Every structure is written in structure tokens, then in C-alpha cells.
Amino acid sequence: MSFIAQRLGYFDSSDFRDAIKKQSELADPIDLSIGLPEELTPEHIKAAGIRAILQDKTTYTPANGLLELRQGLAEKLQNENNIPATPENITVVPGLTTGQLLVYLAILDPGDEVIVFDPYYPPYPHLASMVGAYVIYASTLPTFQPDLEAIKAAITNKTKLIVVNTPNNPSGAVYSEETLRAIAQIAEEHNLLVISDEIYEHFVYDGKHFSMGSIYPNTITMNGFSKEHAMTGWRVGYVTGPQEIIDAINELQQYVVMSSTSISQHAAVAALSHKPQQLVEKYHEKRDLVVNRLNKLGYNVKGAQGAFYAFVKAPHDLTDVEFVERATHHGLVIVPGRAFSQLHGYVRISYGADKKTLERGLDIMEKISQELG
Ligand code: PLP
């Protein structure tokens, strides 16, 4: 008999755990598995965090976050994203992933249905199931672009929410304004909420980022500092959207976290003053390197217009796990696609790593292609 609650049964992180375990067993792993930018947190952000500690800014903040940070975020959201955000309808959360759970707790009742595009960032379906909602998958294959007919077909009278993520993890797809307007129209016709996860908004190499919250008021926009400011361990994200939803999240935050870390919030204020333009150029180059070499090997990469991932089909009808085992055998750590998809024939390659590591990883992909013939 287990003491563990049944809701944990919906939660399966074994594919990631296996990848990390395998990496720890390798002498010199080439790690293209997790979504970690190669950069270290910039000096001006670290200095702001250290200053906060030295100035004893180490107590709880308001549950919705420091006013100074929310003011800076409101300005950013208005100017860059055209979203009508104010310091009142923004709430700071301890990372977007926690924010995702808080949003779900605020809006989903057991039995509600959530439309998630496949492939997906793993917490979207798993956390939805944990709060008792049903996940309906709308496949984006083979192009990784949303299929409007599949979305319409997935809608029932229990549907409450569509989850959108552009630029996308794991496919790297960037959705056009036209596509997002079409999704907004479907959502409006059926009175649905939309979550728009925009954590990779500045990692766009082809096309242009467009924020759904600029055209559809029932959008809950989520973003954070982890990727673009290399702050994965600081745990700061934010959510903006309809006031009643933000108020509900604030009430939850009061009980669940009290407040996000004060030190990280002060560091985030400093992060807002710098735009990571050079970072994006560097990632653009890495994207070109990865996609060009994979295409030469016959992978025919789709998506990869943004973020820092390529989601490719394993050759010769190998399953994702079979392919990953082969890669691990050569010292390359990548994640089986089943962690991100109901399908089991894809693998995800992250190009957050530095160029040298990437080149070594691509050499191994080439070696595997030669082996398979
Ligand atoms: N959303 C997406 C699409 C991601 O890929 C990730 C991390 O990989 C996150 C959110 C995590 O954000 P945070 O570090 O703020 O929890």
C-alpha cells in the first residue's frame, strides 16, 4: 500500500530523470538535453541580488511581487508586447512553471477540458491532470504549426482553456500573427481562456513574435527571466491577464508561497534594464549550425524558427528511446520525444549549450547516421 496520492499517478518525469541519470553515468557527457542557456547570470543582475542581501531586502514582499518590478513589467508588456498590463494586473511568481500550476488552480475545476498542442512543454498536460482537468491534444505535426481544424475538433462544451506556447518548446516553432489571430477568433467564439507562454519571446530567428494578449483580452500571458537573462535558478516569472484571475492567483500565492524570493525580484528589476540582443544573435548562429548539419544528415528539420530546440524524427523508424540509447552509447545526452508528445518517434536536441559542445554532439549525430546507413 502506498501513501502517495493518486494525483501523482498523472505525473511522469521518468524520461527526463533517465536522461539526467544517464548523463551522470557518462565520463564526459555531451549534454544537449535540458533547456539551459550556456550563459551565466550577467554581472549587473548578480550585483543587484547581492546588493539586496547587503541592504537587508530579504523579507517577504507583497504576494503579487515588488511594486517596482511590476511597474517595470507593466511598461515592458505595454511597449514590447502591446498588452494592456498595469502593476495591478501583473503578479510575480516563483518561476513560470509554478505560475502555470497557480493559473490552473485558479481557473480549472475537475472535469474541465484543456486543449494542449502536441508536442508540448511537459508541465502543461501533467499539471492539468493533477488538478483534475482533462487534456485534449491537438497535434501540430508535421509542421509544428497549430492546426486550426484540429483545435476546433477538440472543443466540447467542457473546454475552458487553450494553451499556446510560441516560440515553442520542444519544436522551436514560431506562430505568425495570422495564426494567433485565428486561434483568438476560435477562442472568442467558444468563450475560452488562452494561456500564452512567451518565455522564449526574444529567441526568434525567422518570423516575428506576436503576443496573443495584445488582441484577445481573455489571454493569460506568462513569461519569466529564466532563459533570456540566464536566471533559471533565481526562480522569477510573471503572469498578466484578466483582473479577476490575477486576484485569484494572488490569493493562492498568499497561502502557497507567501511571496516570490525578494532577492531574486530585486535582481529581476536590474535585468529589465538590459535587452539581450547579442544573446539572440549568438543563438541564431547556433540554430543555423544545428539545422544545417541535421538537414545535411537528412533530418529535414521543421520548426526551429525560435527558442533553442530542434525536435526531429528518429531515422529508420527507430523509437525515440532506441535512438536516445544509441546516442548515449556515444556519450551524447538528448531527451526522448515521448517526454513532450504522445508520439514516440522523435527526439529533442537543445542548443542552449556552447558551440563546441554542439559541434561534438552533431559529430555524434553524424556517426549514428553512418552506423544506420
Ligand atoms: N515554459 C517553457 C515553454 C519552458 O520551456 C520552460 C523551461 O524549460 C519554462 C516555461 C520554465 O520557466 P521557469 O524557469 O520560469 O519555471
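The structure displayed is predicted, hence computed values, not measured ones. As the structure lists them, so they are numbered: ligands from 1, and atoms in each ligand from 1.
Between Y137 and Y120, the ring center distance clears the sub-6.0 Å criterion. Checked against the 6.0 Å centroid threshold, Y200 and F308 count as a close aromatic pair.
Ion pairing between D363 and R293 holds under the 4.0 Å rule for side-chain N and carboxylate O.
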- Task: Starting from the C-alpha separation in whole Å, work towards a yes-or-no answer on salt bridge (charged side-chain N to carboxylate O under 4.0 Å, His left out) for R181 and E188.
- Result: CA-CA 10 Å; R181 283 188 183 276; E188 188 161 24; over 6 Å; no

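In this structure, E359 places its CD atom where more than 12 heavy-atom neighbours from other residues, nucleotides or ligands lie under 6.0 Å away.
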Show the distances, to 0.1 Å, for all pairs joining an N/O atom of ligand 1 and a protein N/O atom that are shorter than 3.5 Å, listing one pair per line.
from: ligand 1; atom 1: 1 (N); to: D197; atom 2: OD2; distance (Å): 2.6
from: ligand 1; atom 1: 5 (O); to: N169; atom 2: ND2; distance (Å): 2.7
from: ligand 1; atom 1: 5 (O); to: Y200; atom 2: OH; distance (Å): 2.7
from: ligand 1; atom 1: 8 (O); to: Y200; atom 2: OH; distance (Å): 3.4
from: ligand 1; atom 1: 8 (O); to: K227; atom 2: NZ; distance (Å): 2.7
from: ligand 1; atom 1: 14 (O); to: S226; atom 2: OG; distance (Å): 2.6
from: ligand 1; atom 1: 14 (O); to: R235; atom 2: NH1; distance (Å): 2.9
from: ligand 1; atom 1: 15 (O); to: L96; atom 2: N; distance (Å): 2.6
from: ligand 1; atom 1: 15 (O); to: S226; atom 2: OG; distance (Å): 3.4
from: ligand 1; atom 1: 16 (O); to: L96; atom 2: N; distance (Å): 3.2
from: ligand 1; atom 1: 16 (O); to: T97; atom 2: N; distance (Å): 3.0
from: ligand 1; atom 1: 16 (O); to: T97; atom 2: OG1; distance (Å): 2.6
from: ligand 1; atom 1: 16 (O); to: R235; atom 2: NH2; distance (Å): 2.7

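Residues D31 and S33 bring a donor and an acceptor atom of their side chains to less than 3.5 Å of each other.
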